Amino acid sequence: MPSQLPQGFLWGNSVSSMQTEGAWNEGGKGKSVYDIREASEHASDWKVATDSYHRYKEDFDYMKELGMNCYRFQISWSRVFPNGDGEVNEEGLAFYDRFIDDLLERGIEPMICLYHFDMPLHLAEEYRGFLSRYVVDAFVRYGKLIVDRYKDKVKYWITFNEQNIFAMSHGFQIGGLLEGDGTEKELYQLQHNTLIAHAEIANYLHKSAPNCEIGGMVAYNKVYPATSKPEDSLAAQIVDDFTNQFHLDIFTNGKYPAFMLAYLKENNLMPEFEEGDEETLAEMKSDWLSFSYYASSVISADKITKDTPIYQYREIGGQPNPNLEATEWGWQIDPIGFRSILRDMYNRYKLPVFPIENGIGVIEELPENELIQDDYRINYHRDHLQAMKDAMFLDGIDCIGYLGWGLIDILSSQGDMRKRYGVVYVNRENHDLKDMRRIPKKSFDWFKKVIESNGKYLD
């Protein structure tokens, strides 16, 4: 089996803007839904994050030292359009001009994500976020502006982070609904609207920037049946279809698959299609398929009834896997599941695959000697990288890169600075910003050797 990965393999780091940038009221930025969230016992507010707005060059230098050649980051919609629509904030665009140029100067390929759940506050308050087609149109205007501005500098693009989450139980929150939940039918309307928004941008990119590439992204959760009972196996298959495969299928084939149409029609949940929607989806193409992967899950059919909505199957039927270890956050560590996902995606859809989030979140404290001995993180990434290499060299999978999540510490998705993914420590806590210094961990030197060897070194 070959030991090195193919030449040009993408090694990098992924983040969102609200978890990194800070500067919530600087540079002409408007408010997003995150900017009004208050701190709690185990969560910070979002006003400073890790202050990458002011400190990103230092972070880029660490990424360059690691040998990274790709950085997936998010453009903050409300930094470019303070209200989400209306006037463009040129100061915000000038910031991203410098940001992208500074990446390129260091030999790091930029990868742009257009939306990572931080809906401009105005659009959330006035229109209920992506439940409104007005907001879809506003997003498309924003996305086309970003494509036009950066298509000559940025090759790799995604529209939505973990787009399948829009159809899960917390889909309303990430789609811009400020309070409570909508109906199940509205959940599928939200899903449809974001698919149209993605397709519009993908189609525009392929027409206007033929040298650029775009792929859909999902949060991929490998689902195992709790037992060998056929009912558990069927429940796991249904969850996989609706949670993982629906979006991947539509990213590839440009139309709703039969299992989804049957469920929506049978349960009177069919979203409203506007004129031209089917054609927009049919025109859509993906250059590759991307995903995040952290853990697998198990599902039992015992508590699932015929009246249980499919989007609630996992929370009602989920249970721990006794064969796997878990993090302190309850996420079960499963590198074999990672290999299984890579195999299934590539064999099913015949497109290159791109894992653009992977990592382990751990509570860490800075010791007196300031060297965090994070062997658990080394072990996690080593095992997942070996699983990826097995998928590529033993199973024939075309995988174009591997991006870790938050490899310089950031706020977690819930605003909890205790949950650290990085190989570089950022010296702040939830309620104490301290000095924000960046301090490499033991895993930094290990990852540097991995990248220098293009994946050959995993010891």
Side-chain angles (χ1 to χ4, degrees), residues 13-27 29-63 65-66 71 73-74 76 78-79 95 99 116-118 121 161 170 173-174 294 326-331 357 359-378 380 404-445 447:
N13 185 20
S14 289
V15 299
S16 74
S17 63
M18 73 281 189
Q19 291 167 275
T20 55
E21 282 184 7
W24 71 286
N25 60 352
E26 296 182 46
K29 181 183 180 299
K31 287 183 179 179
S32 82
V33 293
Y34 280 82
D35 295 324
I36 62 170
R37 293 184 185 178
E38 297 180 355
S40 61
E41 180 184 2
H42 292 307
S44 171
D45 63 27
W46 300 83
K47 292 179 168 55
V48 177
T50 55
D51 196 30
S52 71
Y53 185 84
H54 300 107
R55 300 171 185 250
Y56 72 79
K57 289 185 181 181
E58 182 180 359
D59 294 338
F60 290 180
D61 286 342
Y62 276 116
M63 287 188 279
E65 185 179 345
L66 272 169
Y71 185 46
F73 64 95
Q74 179 211 350
S76 169
S78 56
R79 194 175 291 285
F95 166 73
F99 190 94
H116 197 122
F117 314 154
D118 60 339
L121 183 61
N161 175 70
H170 50 305
Q173 182 185 25
I174 66 170
Y294 297 96
T327 71
E328 55 208 304
W329 308 97
W331 292 20
E357 284 185 32
I360 182 171
V362 179
I363 295 176
E364 296 169 325
E365 294 184 3
L366 191 64
E368 191 171 325
N369 69 356
E370 297 198 337
L371 179 60
I372 293 174
Q373 302 283 343
D374 56 340
D375 293 277
Y376 42 82
R377 181 167 292 110
I378 293 171
Y380 181 96
W405 173 252
L407 293 181
I408 297 171
D409 284 345
I410 62 177
L411 289 175
S412 79
S413 60
Q414 303 304 312
D416 192 348
M417 197 66 205
R418 298 177 307 156
K419 190 178 186 183
R420 296 174 181 270
Y421 285 86
V423 299
V424 176
Y425 185 88
V426 174
N427 193 33
R428 66 152 291 184
E429 297 175 355
N430 279 329
H431 309 302
D432 183 356
L433 294 177
K434 296 189 172 183
D435 59 12
M436 307 281 283
R437 280 185 302 131
R438 275 61 167 156
I439 306 163
K441 306 174 189 178
K442 181 180 179 180
S443 57
F444 183 91
D445 289 331
F447 229 120

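Just so we're clear, the structure is a prediction, and the values are computed from it rather than from any experiment. Because only heavy atoms are used, hydrogens play no part in the values below, and waters and symmetry mates are left out as well, while side chains stay in.
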Begin from the C-alpha positions of V426 and I408 and carry the test side chain to side chain contact (heavy atoms under 4.5 Å, CB included) through to its verdict. CA-CA 7 Å; V426 174; I408 297 171; 3.8 Å; yes
Hey, mind stepping through K29 and D35 against salt bridge (Lys or Arg N to Asp or Glu O under 4.0 Å) and telling me if it holds? CA-CA 11 Å; K29 181 183 180 299; D35 295 324; 2.7 Å; yes
Between Y34 and F117, is the ring pair (Phe, Tyr, Trp, His ring centres under 6.0 Å) condition met? List the steps. CA-CA 9 Å; Y34 280 82; F117 314 154; 7.9 Å; no
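A centroid separation of less than 6.0 Å is found between the aromatic rings of F99 and F73.
Nearest heavy-atom pair across P367 and I372 is CD-CG1, 3.8 Å. Here the closest heavy-atom approach between residue S32 and residue D118 is recorded as CB-O, 3.7 Å. S412 and W46 make their closest contact through O-CH2, 3.4 Å (heavy atoms, listed as atom of the first residue, atom of the second, distance). The two residues R79 and F95 have their closest heavy-atom pair at CD-CD2, 4.1 Å. Across all their heavy atoms, R438 and R55 have their closest contact at NH1-CD, 3.6 Å. Nearest heavy-atom pair across L411 and S44 is CD2-CB, 4.0 Å.
For the atom pair Q373 CD and S443 OG, the distance stands at 10.0 Å (nearest 0.5 Å). Rounded to the nearest 0.5 Å, atoms CD1 (I410) and CE (M18) are 8.5 Å apart. Here the OH atom belonging to Y425 is positioned 7.0 Å from the CD atom belonging to E365, to the nearest 0.5 angstrom. For the atom pair L407 CG and L66 CG, the distance stands at 7.5 Å (nearest 0.5 Å). Interatomic distance, CZ of F444 versus NZ of K441, reported as 12.0 Å (0.5 Å rounding). The distance from the OG atom of S14 to the CD atom of E357 is 5.5 Å, given to the nearest 0.5 Å.
Ion pairing between E364 and R377 holds under the 4.0 Å rule for side-chain N and carboxylate O. At a threshold of 4.0 Å, the pair D374-R420 does not count as salt-bridged, since none of the basic side-chain nitrogens sits closer than that to a carboxylate oxygen. Comment: R437 engages E370 in a salt bridge, judged by a side-chain N to carboxylate O separation of less than 4.0 angstrom.
Within the 3.5 Å criterion, the main-chain N or O of G415 finds no donor-acceptor partner in the side chain of H42. Counting only distance, with no hydrogens or angles, the side chain of N430 and the backbone of M417 share a donor-acceptor pair below 3.5 Å. E21 contributes no side-chain N or O that, together with a main-chain N or O of Y53, makes up a donor-acceptor pair within less than 3.5 Å. Between the side chain of W331 and the backbone N or O of Y294, no donor-acceptor pair lies under 3.5 Å. Between the side chain of D409 and the backbone N or O of G422, at least one donor-acceptor pair lies under 3.5 Å.
Here the side chains of D51 and R428 are not in contact, with every heavy-atom distance at 4.5 Å or above. Counting only heavy atoms from C-beta outward, the side chains of D416 and W329 approach each other to under 4.5 Å.
Counting heavy-atom neighbours within 6.0 Å of K419 NZ, excluding the residue itself, gives a total above 12. Counting non-hydrogen atoms of neighbouring residues, nucleotides and ligands closer than 6.0 angstrom, the CD atom of E328 exceeds 12 such neighbours.
For the pairing with H116, the side chain to side chain contact (heavy atoms under 4.5 Å, CB included) check across S17, S413, S16 returns one residue only, S16.
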